Amino acid sequence: MVIKINGKELNFDAPVKVYEAAEAAGLSGSGAVAGVFNGATVEFNHVLDKDGELSILDFSSDEGKAVLRHTAAHILAQAVKRIYPTVKLAIGPAVANGFYYDFDFKTPITQENFDAIEAEMRKIIKANYPIVKKTVSRAEALELMRASGEEYKVELIADLPEDAEISLYTQGEFTDLCAGPHLTSTGKVKAFKLTSLTGAYWRGSEKNKMLSRIYGTAFDSKPALDEYLEKLEEAKRRDHNRIGRDLEIFMTDENIGQGLPLLMPKGAKIMQILQRFVEDEEENRGYLLTKTPIMSKNNLFKISGHWDHYKDKMFVMGEEGKDDEVMALRPMTCPFQFTIYKNGLKSYRDLPVRYCETATLYRKEASGEMHGLTRVRQFTLSDGHIVCTEKQIEGEFKAALDIIKYFMKCLGIENDISYRFSKRDPKNASKYVGSDEVWEATESKMKSILDGIGLVYEEAEGEAAFYGPKLDIQAVNVHGKEDTLFTIQIDFSLAERFDMSYIDESGEKVRPTIIHRSSIGCYERTLAMLIEKYNGALPLWISPVQVRVMSLTGRTEKQVKKAVETLRKHGVRTEADVRSEKIGYKIREAQLEKIPYMLVIGDKDIEAKVVSVRDRAGNQVSMSLAAFVKQIKKEIKDMK
RNA sequence: GCUGGUGUGGCUCAGUCGGUAGAGCAGUUCACUCGUAAUGAACAGGUCAAGAGUUCGAUUCUCUUCACCAGCUCCA
């Protein structure tokens, strides 16, 4: 039997375990956790009995991390089972930065119980139980899990495919149904911590019982764990929901309600800067601005399909059958712009028609879903719809992507995003409008465009809009979760529903195709992303206050006021601070507020006819006010 | 919506085993005019998230509601 290990070919007379093969190749260092044999992750105890290629995984690889953390999850389950013998086990996988295990506790626990659980886990690690895999028959597995009352495991086994290998892992007195792979013994988990306790539905469905999920993380060393926890703290400090409030960008109020942030002067200024920039650029690219009502009779949403697919998420005023008129706040702009399109006959010569609107939208999100500026009930979308012929789709799609890319570049986030091709879930047809044929054709059309551009993207089933597939541009927030920032959607359905048409070259009435797109996305969410990306220190051109002018003593107050006036006259967003006392504090505050430039004016500066310019990095130079204005203008120009 | 946690002046927090609350910073005033993390003094600021209940008496105990946080589900 010949096994190629990390490029080295070794001969074995008899079947060997992975770790024996690794040892033979001199690769079983303490960091090694598992192997990959012919492409599949295998644990160290796995027996190799045929030719193949083996590589050794250590903790630095994602697979290696998953093996260690999955074992940590089992140790957690074992500890919990010891302390709470009546607990029922659900599932416990490794996830991106750690692991979790779902439990059904007879009486719920709180985070205060973590100390005891962690202590028990340490005991299990110290005991260094060997972890033994046993392959069993379906009947045997069912029998064992039934006998121990593990109803969730029974359900899991019952749902396994006929030909699945069913395996059990035992460590000490604890046995769990699991596909593996695992470490060879519990002692190999060197550092772990339980991080949070939350609820999670059994099998991810809200129709099922809510279980208690314990999250934790594990590393191959204590310093690595500490470093990770420190990074987590750092991420929390960047959370837009925290610094956005600290920096007085937005606030909420319990009398106003959930998901309804108030943009304070600084936040409103940022929005205005972005909105002007976006609307001007869209105009340059042939978009026509519309301004449509934020509400309408529900008839409109019946035509669009929103009423059927979306009613629960709409703010509706009035009741059908009771009131003469039922109105709803709009969750989307499409039907309004379509109505504008339909006003007057369109020729193929008019196409493409590109409508854009800075649209305020309302969605009645469920109470637990709101978060800071990323998930709100009223938001402002740089929305737009392109009505075009089938031939124009590709070009218009690319142009829509191009403007997004341009905005991303100006915001400095082009390397912080990923592309997602969001398709429908064919098994859940009721969620969508349009026939299978239309969906298949549209999805393959979009795929060919994406592939044609050479875009690197992930495919996601079940993430499409109800009327068509989407290209979503995703960014990861400080909590490690993905948000959709921008989106482009191809829609072959709504033109039909709205009876939209144009007259083609031969005088025939033809259905147009519609591209739904946002350019800078939802302003609130994009702002949240920027705050987190820049840790509140926004780029100069977006910064709501670009310069803060301070007087060092009361004698220079007049000069401060004059400098502020001059800067404002040149379009520099400037804030005055003429309170001369506590200069040290003021400077610290200015740093906290992430203002790009501070000017300090003291007696000496006045004599020398200069201002002291200090930037965010702490560099300080003296220059004339005129030179400073010139510098700042150039800097802004270079950013766009 | 579900699970768990939290809610005391603008901010950060203390406190009351039930007898209606304090500190630091911020604010205001006066004095100081100082070169980059804090000048001094005085003043002002809270129906302890809201409502109901128990009680002679509730910020404290119970219940309900609201908001905030983490997660699940959902989503731009």
Side-chain angles (χ1 to χ4, degrees), chain A residues 100 102 105 108-113 195-215 236 239 241-242 245-246 248 251-260 310 312-313 331-333 359 361 363-377 379-383 422 431 462-463 465 470 472-475 479-487 489 516-518 520-526 528-529 550-557 579-592 598 600-605 612 614 618 620:
Chain A
Y100 68 77
D102 286 348
F105 286 98
I109 63 159
T110 71
Q111 281 202 322
E112 280 159 31
N113 304 96
T195 49
S196 62
L197 174 69
T198 71
Y201 298 109
W202 166 236
R203 309 198 113 179
S205 167
E206 59 186 326
K207 291 187 186 77
N208 291 338
K209 182 169 182 182
M210 179 150 285
L211 307 173
S212 299
R213 174 172 296 179
I214 297 178
Y215 278 95
K236 273 189 198 149
D239 187 346
N241 201 14
R242 181 189 153 76
R245 291 171 199 267
D246 284 351
E248 299 184 330
M251 59 174 283
T252 52
D253 184 272
E254 59 182 295
N255 292 317
I256 289 170
Q258 270 193 307
L260 297 169
Y310 220 85
D312 294 345
K313 293 214 158 177
M332 285 160 186
T333 328
L361 306 177
R363 296 182 190 177
K364 193 175 180 177
E365 303 292 353
S367 62
E369 284 161 2
M370 262 74 74
H371 174 79
L373 291 177
T374 50
R375 198 70 188 279
V376 290
R377 283 179 160 172
F379 59 95
T380 309
L381 190 70
S382 57
D383 209 352
S422 300
K431 254 182 89 174
E463 297 288 344
K470 309 191 286 177
D472 290 323
I473 296 172
Q474 307 286 105
H479 296 101
K481 292 201 277 189
E482 262 190 16
D483 290 317
T484 300
L485 243 34
F486 321 115
T487 181
Q489 308 160 3
H516 304 239
R517 47 105 268 174
S518 68
I520 208 168
C522 156
Y523 284 89
E524 289 83 354
R525 188 177 278 186
T526 301
M529 198 268 171
M550 283 176 284
S551 71
L552 196 61
T553 78
R555 290 190 298 275
T556 58
E557 279 182 20
R579 285 167 296 196
S580 54
E581 73 273 33
K582 299 180 187 170
I583 287 298
Y585 176 76
K586 289 297 167 198
I587 287 184
R588 174 179 149 261
E589 188 186 47
Q591 285 167 344
L592 271 178
M598 281 177 278
V600 181
I601 300 184
D603 295 336
K604 287 180 209 163
D605 301 311
S612 292
R614 192 184 154 96
Q620 190 166 340

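Everything numeric here is computed off the predicted structure, so don't read it as measured data. Lettering follows sequence order; numbering is per chain, from 1. Reckoned from all heavy atoms, side chains included, excluding hydrogens, waters and symmetry mates.
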Requested in this report: List for me each residue that meets side chain to side chain donor-acceptor pair (under 3.5 Å) alongside A:Glu254, sequence neighbours excluded, and say none if there are none.
Outcome: none

Requested in this report: Determine the Euclidean distance between corresponding P atoms of B:rU28 and B:rC34; express it in Å to zero decimal places.
Outcome: 22 Å

Requested in this report: Check every strand shown and say whether A:Ser612 touches a base, only sugar-phosphate, or nothing at a heavy-atom separation below 4.0 Å.
Outcome: base

What protein N or O atoms touch nucleotides 46-48 of chain B N or O atoms at under 3.5 angstrom, if any, and at what distances?
none

Query raised in the report: Just checking, any donor-acceptor pair under 3.5 angstrom between side chains of A:Thr374 and A:Asp483?
Result: no

Query raised in the report: Say you pick atom P in B:rU29 and the same atom in B:rG22; how far apart are they, in whole Å?
Result: 26 Å

Report task. Starting at atom NZ of A:Lys207, determine the distance to atom C1' of B:rC2, rounded to an integer number of angstrom. Result -> 14 Å

Report task. Check whether any side-chain heavy atom of A:His516 lies under 4.5 Å from a side-chain heavy atom of A:Thr333, and answer yes or no. Result -> no

Query - Inter-residue atom distance A:Arg375.CZ - A:Gln258.CD, 0.5 Å rounding - result: 12.0 Å

Query raised in the report: If you measure from the C1' atom in B:rG1 to the same atom in B:rC75, how many Å do you get, rounded?
Result: 14 Å

Requested in this report: Evaluate whether atom CZ of A:Arg242 has more than 12 neighbouring non-hydrogen atoms of other residues, nucleotides or ligands under 6.0 angstrom away.
Outcome: no

Query - Donor + acceptor pair across side chains of A:Arg525, A:Thr484 (<3.5 Å) - result: no

Report summary line: To the nearest angstrom, the CG-C1' distance between A:Leu260 and B:rC66 comes to 14 Å

Report task. Take A:Arg242 and A:Asn255, find for each the nucleotide of RNA chain B with the closest heavy atom, and name the residue whose nucleotide sits nearer the 5' end. Result -> A:Arg242

Query raised in the report: Which value, rounded to the nearest 0.5 Å, describes the distance between A:Leu381 atom CG and A:Met332 atom CE?
Result: 9.5 Å

**Report entry** side chain to side chain donor-acceptor pair (under 3.5 Å) partners for A:Tyr201, two or more places apart
**Finding:** none

Query raised in the report: Tell me: CD1 of A:Ile214 to P of B:rG5, nearest whole Å?
Result: 14 Å

**Report entry** Spacing of the P atoms in B:rC48 and B:rC30 (rounded, Å)
**Finding:** 34 Å

Requested in this report: Could you tell me the separation between the CE atom of A:Met550 and the C1' atom of B:rA37, rounded to a whole number of Å?
Outcome: 13 Å

Query - Same-atom distance (P) from B:rC11 to B:rA49, integer angstrom - result: 13 Å

Report task. Take the protein atom CZ of A:Arg245 and the nucleotide atom C1' of B:rC68, then report the distance between them rounded to whole Å. Result -> 7 Å

Requested in this report: Give a yes or no answer on whether the side chain of A:Arg363 reaches the backbone of A:Pro331 with a donor-acceptor pair at less than 3.5 Å.
Outcome: yes

**Report entry** Atom-pair distance (CD on A:Gln258; P on B:rU65), nearest Å
**Finding:** 14 Å

Requested in this report: Without swapping roles, check the side chain of A:Glu524 against the backbone of A:Thr380 for a donor-acceptor pair under 3.5 Å.
Outcome: yes

Query raised in the report: Closest to the A:Arg614 side chain: B:rU36, B:rC68, B:rG7?
Result: B:rU36

Query raised in the report: With the sugar-phosphate defined as primed atoms, P, OP1 and OP2, and the base as all remaining atoms, what B/S/- string results for nucleotides 70-76 of chain B, 5' to 3', for protein heavy atoms under 4.0 Å?
Result: SBBBBBB

Report task. Rounded to whole angstrom, note down the C1' distance from B:rU60 over to B:rC17. Result -> 10 Å

Query raised in the report: Can you tell me how far C1' in B:rA23 sits from the matching atom in B:rG46, rounded to whole Å?
Result: 14 Å

**Report entry** salt bridge (charged side-chain N to carboxylate O under 4.0 Å, His left out) partners of A:Arg377, counting only residues at least two apart
**Finding:** none

Query raised in the report: Is RNA chain B part of any stem, that is, at least 3 consecutive Watson-Crick or G-U pairs with both distances under 3.5 Å, and where?
Result: B:1-7 with B:66-72, B:10-13 with B:22-25, B:27-31 with B:39-43, B:49-53 with B:61-65

Requested in this report: Taking the side chain as every heavy atom from C-beta outward, state whether A:Met251 and A:Ile256 have any pair of such atoms under 4.5 Å apart.
Outcome: no

Report task. Return the value, rounded to whole Å, for the distance between atom CH2 of A:Trp202 and atom P of B:rC2. Result -> 22 Å

Query - Test item: A:Tyr523 and A:Leu373 side chains (from C-beta on) under 4.5 Å apart, heavy atoms - result: no

Requested in this report: For B:rA21 and B:rA14, measure between their C1' atoms and round to the nearest Å.
Outcome: 11 Å

